[in-house]
Amino acid sequence: MRLGQHRMPGTDLVEVIDTKGGAPVEGAAVTLLVVTDDRPFLVDTATARVTELGWTLRGVWHPILGVARDASGTLVDAATTRTLKETRP
């Protein structure tokens, strides 16, 4: 959630982190974090690009969260899409 604390609609945030908490090292296992608006084929496109770069995928986790942001893009509420729709008219 840290990466997505502040994001304006229509912008994408990407971060690569080492699975052990340090700086990413070539050849080491890393985690790719992406925060973006939900779009068709988003996961397929990201997966294809990562593969084109020569990276090996060991798994993909694709949570869809409903969020509420203030006018500056700061996160003020988040939940699973179903929960957010149920709690926010």
- Query: When hydrophobic residues are tied together by side-chain contacts of less than 4.5 Å, even through go-betweens, does Leu53 share a cluster with Val16?
  - Reply: yes
- Note on the structure: When rounded to the nearest 0.5 Å, the distance separating CH2 of Trp55 from OG1 of Thr47 is 12.0 Å
- Query: Can you hop from Leu65 to Leu75 via hydrophobic side chains spaced under 4.5 Å?
  - Reply: yes
- Hey, could you give me the CG/NE2 distance between Asp38 and His62, rounded to the nearest 0.5 Å? 5.5 Å
- Item | Closest approach of Pro9 to Asp37 (non-hydrogen atoms, all atoms of both residues) | C-OD2, 4.0 Å
- Query: Are Leu33 and Leu57 connected in the hydrophobic side-chain network, where two residues link if heavy atoms are under 4.5 Å apart?
  - Reply: no
- Task: Could you please spell out the steps behind the side chain to side chain contact (heavy atoms under 4.5 Å, CB included) verdict for Arg39 and Asp12?
- Result: CA-CA 11 Å; Arg39 295 189 292 261; Asp12 303 322; 3.4 Å; yes
- Message: For Phe41, is there any backbone N or O sitting under 3.5 Å from a side-chain donor or acceptor partner on Thr45?
- Response: yes
- Message: I'd like to know whether Val35 forms a side chain to side chain contact (heavy atoms under 4.5 Å, CB included) with His6, so could you lay out the CA-CA distance, the side-chain angles of the two residues, the decisive distance to 0.1 Å, and finally the verdict.
- Response: CA-CA 10 Å; Val35 179; His6 183 79; over 6 Å; no
- Message: Once salt bridge (charged side-chain N to carboxylate O under 4.0 Å, His left out) is applied, do any residues pair with Arg69, and if so which ones, sequence neighbours excluded?
- Response: none
- Quick one: CG on Leu32 to CD1 on Ile17, what's the gap to the nearest 0.5 Å? 9.5 Å
- Query: Who are the salt bridge (charged side-chain N to carboxylate O under 4.0 Å, His left out) partners of Arg2, not counting sequence neighbours?
  - Reply: Glu15
- Message: Could you see if Met8 belongs to whatever hydrophobic cluster contains Val14? Use Ile, Leu, Val, Met, Phe, Trp, Tyr and a side-chain cutoff under 4.5 Å.
- Response: no
